[in-house]
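Taking it in order: structure first as structure tokens, then the write-up.
Computed from a predicted structure; not experimentally measured. The sequence lines fix the lettering, A, B, ..., with proteins before strands; numbering per chain opens at 1. Both backbone and side-chain heavy atoms feed into the values below; hydrogens, waters and symmetry mates do not.
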Amino acid sequence: MAGVKQSLSVDLEGIRFASPVVAASGCAGTGRELAGLADLRRLGGLVTRTLTFKPSRGWPGPRVAETASGIVTGIGLQNAGVRTFVAEDLPRLARTGIPLVASVGGASLQAYIRAASILRGERGIAGLEVYLSGPDEENEGLPFYSRIDRMAEVVGAVSRLSTVPVFAKLPALLPDLVPAARGCIRAGAHGLTLIDAVPGMVVDVRRLRPRLGAVVGGLSGPAIRPIALAAVYRVAQALPQVPVMGVGGICTAEDAVEFLLAGAWAVQVGTALMVNPSAPTEIAQGIAQYLHAKGLASPDDLRQQMRLTGERHARGASAS
Amino acid sequence: MAGVKQSLSVDLEGIRFASPVVAASGCAGTGRELAGLADLRRLGGLVTRTLTFKPSRGWPGPRVAETASGIVTGIGLQNAGVRTFVAEDLPRLARTGIPLVASVGGASLQAYIRAASILRGERGIAGLEVYLSGPDEENEGLPFYSRIDRMAEVVGAVSRLSTVPVFAKLPALLPDLVPAARGCIRAGAHGLTLIDAVPGMVVDVRRLRPRLGAVVGGLSGPAIRPIALAAVYRVAQALPQVPVMGVGGICTAEDAVEFLLAGAWAVQVGTALMVNPSAPTEIAQGIAQYLHAKGLASPDDLRQQMRLTGERHARGASAS
Amino acid sequence: MRRLRAEILNSRKFGAFQSITLVAPEIADRARPGQFVSVAMPEDRRFILRRHFSIHQASRRGGWAGTLEFVFDPHGPGAEWLAEVKAHHFLDVIGPLGRAFAYPRAPSNCLLVSEGHGASSIFFLAQELRARGKRVDMVLGASEESHLFKPIEAKRLSQTIIVVTADGSVGARGSVMDVVPRAAQGAGTEVIYAAGPRPMLRMVAEFCMEQRIPAQVAVEEEMACGTGLCFACVVPVIRKDGSGYDNLRACTEGPVFNPARVFWDRWTSEETRAIPTPPEGFPSVVSSWPG
Amino acid sequence: MRRLRAEILNSRKFGAFQSITLVAPEIADRARPGQFVSVAMPEDRRFILRRHFSIHQASRRGGWAGTLEFVFDPHGPGAEWLAEVKAHHFLDVIGPLGRAFAYPRAPSNCLLVSEGHGASSIFFLAQELRARGKRVDMVLGASEESHLFKPIEAKRLSQTIIVVTADGSVGARGSVMDVVPRAAQGAGTEVIYAAGPRPMLRMVAEFCMEQRIPAQVAVEEEMACGTGLCFACVVPVIRKDGSGYDNLRACTEGPVFNPARVFWDRWTSEETRAIPTPPEGFPSVVSSWPG
Ligand SMILES: Cc1cc2nc3c(=O)[nH]c(=O)nc-3n(C[C@H](O)[C@H](O)[C@H](O)COP(=O)(O)OP(=O)(O)OC[C@H]3O[C@@H](n4cnc5c(N)ncnc54)[C@H](O)[C@@H]3O)c2cc1C
Ligand SMILES: Cc1cc2nc3c(=O)[nH]c(=O)nc-3n(C[C@H](O)[C@H](O)[C@H](O)COP(=O)(O)OP(=O)(O)OC[C@H]3O[C@@H](n4cnc5c(N)ncnc54)[C@H](O)[C@@H]3O)c2cc1C
Ligand SMILES: Cc1cc2nc3c(=O)[nH]c(=O)nc-3n(C[C@H](O)[C@H](O)[C@H](O)COP(=O)(O)O)c2cc1C
Ligand SMILES: Cc1cc2nc3c(=O)[nH]c(=O)nc-3n(C[C@H](O)[C@H](O)[C@H](O)COP(=O)(O)O)c2cc1C
Ligand code: FES
Ligand code: FES
């Protein structure tokens, strides 16, 4: 295995992550918080919480409820608005030197365009991620992802005015993800992020009421890992040339490798950051060890591995 | 609390379950297996494994992989065909005296009609459940649920020729369940079962291959409970008059009560049966105790409880 | 804020509570009353979030230098697990977290009001106040005797103390608010500190506002990260200039707040809406919205 | 098949293995070699399925009457947890499960071939065969010494024994199949029984078919329920009349099968198809299919 020159860095349509492990949207704070607990500079990259044109206070509490191997959160995109982000958080985040992906959201096509325009050309922003799980004013408040044409409109508009690569963040809740993924790529997205938290609910049987102020929130954490992995696999099979960031329940290097084998170009870590602030660093180290053990040079090599084992294997024989 | 005459029985469009706890499709065997471990007669009811017109051997193994608080299974509807079921299993199951719901599946409209016709008028069958997660020959092998019109066609055809109430079993994987639910009801379904297992995948990083012969299987167990609960809640809010059976990760009485509060008329237990064969009985007893503690007479009363707590509550004050 | 593998020096029960003392110099040296620590759960469990506990003791000097104590009521899976962990095992701990109680500048009479495990941080505060030459009086409440927090030690820490339990099993029968006015008057109270359940905090807050007594309360709100990353733990706080309110993170801008500025109506309301009012800043048409 | 809360009489390590003896008369009285038990995992864990273990000993009479022993290799979370459970705690156990090995009617010479923990059920079988006056010879294989299953006891149980380890740390270096032909010939073997990893079982099966030696193998396949409910654990078995094959449940129609009828090509193939061949009886167009 020695001799193979190894690098963890990956290139997604021009965004160069020093490691394939990126902090997921809404889970890494403003860059201030993790300081002292983890070295931001050791993240492959960071996706900001979803930024909206207008500030949002988000949902009333409670905003988190624990469930089996997961959490259901109803935050409601609390953020001070994209302008404040650019003025207050961006400079600090930029100083880390890691690629920043700004997540943009809104309740109408206009709102997305406004938010994206403010970010346009901002130094320190390496890419955009389009949040599509929010309510669409122009479609009875149903999520944007409930109509491929609406997703395409929004993603298209953002892509046209963006000077950096744009990733569309898709939910798992589609009968068939592939047409949605194609729609976003055709509309101009450079890549995809799979998956967003899955709509979920917890009821307090003692108090006879939903646990969350939002009533229905988003399920995240290890519970959804198989769902996210299936989503990544299906899209990667259909669109092998499209860079996909896999996200959902990733806590360990082994979890991350599952996604890279299934076809992800990079992974994002969300809920695990709440539990273990240094998870991304540990995961990156574990991926390096795995690559070394398999005699591979780069995370990109893993993408090919599953297809390569086409021939018959005797059961019980280990592949390595 | 004394004085309230209590009964666990529920009536779903004429199907009378002695308890609201029913064995979920594919998880209770042929009636032979549970004998000696649990008394089938103490089940509220039993949904058969999905029966197809032609026999099916199902997927190659491995067929189960464990994941965080859940399992991913790829069985592939192994069954000896609906005729063999009627000849061999039905008599034994009928002897238990509990309401039997036969789950019907197929790969084409014709296949559904054939299967349903054979069950038509069979004594001992109290209802039908229409499995809609299978591949649709007439739609590129995409699942039937990926198109509301296809669901409606199938559910409509089965309902027209059925002499017993028909339940449509919906997946969680729809951007908005309500139109799908409405479509099935308009087409003639008497009720709904929510939810089927959620597409999921597990990768063996040691052997660099998917863990399941089916590659992608269905995630079930506690991991998906919040997803199922949100699905039941949304449909029940939109269609309060439609009987809904809630299923997904129910292991304890408290889990079941969450579903009844969210709007389910009855619950089904699947994965929990693999771990604890007497789960349904224990859950039914626990529901009875809960009703007693709350001074309620019947599981139906729980459906109203969450809406009733409309007024403000001081935090920390217990509702009971 | 530091994260470390901290050895358990000892773990013992008193009444309904469990007390754990850790060797955690990096945290103990910085810890101040009102701050808290978070403890990671074992990886093979179904419950994944860290658990949060107020700091009850932090010794900087003397024989116990570098140790930290927290006290909890083992009522759920996480705390039950924690109560079983034996001495000399290690815990993954982060702290000190959050903003501490502020001390009054002028010498003043402080009334410390707590209920149940809320007393944990209040005892720490009492020590620090006395060390600064303030007068400390206490109102100590609980549901019943086993949940009454170290009444003897409380006497040692305060000039006067009134004990109340909901069932009257010890002290007066009733709630702390039945006695706070009397206590405040008797002690010539100039500042009030409180920790405990939400309804109690609200009543104390309303009393302080009427009586124009400056006060600080330590709140508890469901937390995911405890470190400011997720915005799960917010409390609605009215802006200084009164122009509306902001949702502030209890783990970062709190858990200690000025009760006069907490938007109590909103924070303690638990209306259950079939379709909840949408996040502010968003349209009123929200038929579904995860995340 | 019974389910009970069974007390652990003792739990001890030998080599790489852990052995647990239970007080479980209802199961022990019925247990026969090749059958297995399932053990429930604790409820607060992430892993939820019961774990399955072959029965190594079941005493009907004598001082140990009503006890049951199983032996395992603690390599994953479930088995690791189980290895930590102390004596006098209780386990939720179901058993005996599955079909046992069948005994030859006529007095005959039996060769028992096993590798690793596969030996667990084979030792039980050896006893029962000898009690029925059969000649027992053994081939005992393992990856290395610590995974070699009680060689001394094996000698006691069998006329002749050949030990092989993959690394040669004890006995001959190699795999069991290197020695089975010699062993069979030397002992005038008339029946072969085998338990162990799939590739080894397949080789034994092929040898038996060539040599026309009647045989039985005990398989392991991932299981969900272990009781026949779910059809997760199927093994493809060719029909008696040769008209195709059926997927039979290892937990119910197995785990003991006639190797001459196992559809080895299918069962041991692990082709990874991007889109797998659809379930038989279904159309070839399957773009996605959960459940
Ligand atoms: C800043 C802060 C300080 C705290 N200090 C103490 C203390 O000193 N002593 C003590 O006994 N308890 C304290 N609590 C409450 C304590 O965190 C919970 O009781 C504990 O997490 C319960 O975990 P569990 O698994 O035993 O209970 P469960 O009820 O099963 O916990 C389920 C989930 O709800 C959360 N949760 C439960 N109760 C509370 C609560 N009251 N406040 C916030 N989240 C909660 C848990 O963190 C967990 O995420 C504090 C909470 C906060 C936020
Ligand atoms: C009929 C039968 C008899 C068995 N007898 C023995 C025995 O006597 N001694 C022994 O050490 N092991 C035996 N096994 C294998 C044993 O069940 C697994 O090693 C054990 O479940 C591992 O659990 P884990 O959590 O430690 O490992 P993990 O690998 O974490 O288990 C993960 C999942 O895979 C399943 N699994 C893992 N390995 C196997 C396997 N080899 N076969 C089937 N399922 C597996 C587990 O049951 C669990 O569902 C037997 C299996 C079967 C089906
Ligand atoms: C507290 C919290 C806040 C989140 N906020 C956002 C957000 O603002 N925008 C977004 O696109 N996703 C958001 N997510 C979803 C995550 O980015 C991620 O897609 C999801 O949690 C699954 O990954 P995980 O299991 O690793 O957490 C949030 C998740 C959590 C837990
Ligand atoms: C092993 C297994 C087999 C299943 N087979 C079927 C089936 O044949 N038809 C069906 O409609 N659902 C089937 N299901 C889905 C269950 O009926 C249920 O909808 C799902 O598992 C969620 O419930 P649970 O979490 O309680 O298991 C199966 C589930 C499992 C675990
Ligand atoms: S708990 Fe995450 S911000 Fe406070
Ligand atoms: S494991 Fe469920 S049928 Fe065998």
Side-chain angles (χ1 to χ4, degrees), chain B residues 26-29 32-34 36-37 49 52 54-66 68-71 73-78 81 107-108 133-135 137 140-143 171 196-200 207 209-210 213-219 221-222 271 273-278, chain D residues 1-3 38 40-41 43-51 76-78 92 94 221-236 244-247 249-252 263 266-267 269-291:
Chain B
C27 302
R32 214 190 271 97
E33 299 78 8
L34 275 174
L37 287 180
R49 60 194 312 96
T52 52
K54 282 187 277 168
S56 164
R57 282 207 199 88
W59 290 115
R63 287 183 171 182
V64 60
E66 217 179 18
S69 296
I71 59 177
T73 50
I75 309 292
L77 303 191
Q78 174 167 354
S108 67
S133 303
E137 252 178 355
E140 299 157 12
L142 290 173
D196 202 341
V198 182
R207 301 222 193 101
R209 67 169 74 98
V215 182
V216 172
L219 175 63
T271 302
L273 272 168
M274 320 269 144
V275 177
N276 173 10
S278 50
Chain D
M1 172 164 66
R2 291 279 174 279
R3 179 183 183 199
S38 83
M41 297 291 107
E43 276 168 10
D44 61 351
R45 295 309 199 280
R46 283 190 186 192
F47 42 96
I48 63 175
L49 289 176
R50 305 177 73 91
R51 300 312 199 234
D92 167 352
I94 298 179
E221 176 58 87
E222 269 76 354
M223 294 184 171
C225 68
T227 53
L229 300 175
C230 73
F231 285 76
C233 60
V234 297
V235 175
Y245 72 97
D246 297 303
N247 284 325
R249 294 165 298 181
C251 71
T252 309
F263 188 169
R266 192 170 174 84
W267 195 48
S269 107
E270 281 216 338
E271 230 176 358
T272 306
R273 287 143 305 212
I275 288 141
T277 51
E280 281 120 303
F282 279 86
S284 52
V285 281
V286 177
S287 52
S288 75
W289 187 341

Under the criterion side chain to side chain donor-acceptor pair (under 3.5 Å), I'd like the reasoning laid out for D:T252 against B:R32: C-alpha separation, chi angles, the key distance, then a yes or no.
CA-CA 11 Å; D:T252 309; B:R32 214 190 271 97; over 6 Å; no
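For a residue to count as touching a neighbouring chain, one of its non-hydrogen atoms must lie under 4.5 Å from one of that chain's; by this rule B:S108 does not touch chain D. When heavy atoms are compared at a cutoff of 4.5 Å, D:M223 approaches chain B solely by way of its backbone atoms N, CA, C and O. Looking at B:P277, the atoms closer than 4.5 Å to chain D (heavy atoms on both sides) sit in the backbone and in the side chain alike. For B:A28, the part lying near chain D is the backbone, with the side chain staying farther off; criterion is any non-hydrogen pair under 4.5 Å.
For B:E33, the side chain to side chain donor-acceptor pair (under 3.5 Å) partners two or more places apart in sequence, or in a different chain, are B:T30, D:R249. In this view, B:R63 satisfies the salt bridge (Lys or Arg N to Asp or Glu O under 4.0 Å) rule with no residue, not counting sequence neighbours.
Here the side chain of B:Q78 pairs no donor or acceptor atom with the backbone of D:F231 at under 3.5 angstrom.
Chain B forms more heavy-atom pairs under 4.5 Å with one residue of D:R3, D:M41, D:R45, D:R46 than with any other, namely D:R3.
With contacts defined as side-chain heavy-atom distances shorter than 4.5 Å, the pair D:E222/B:T73 does not qualify.
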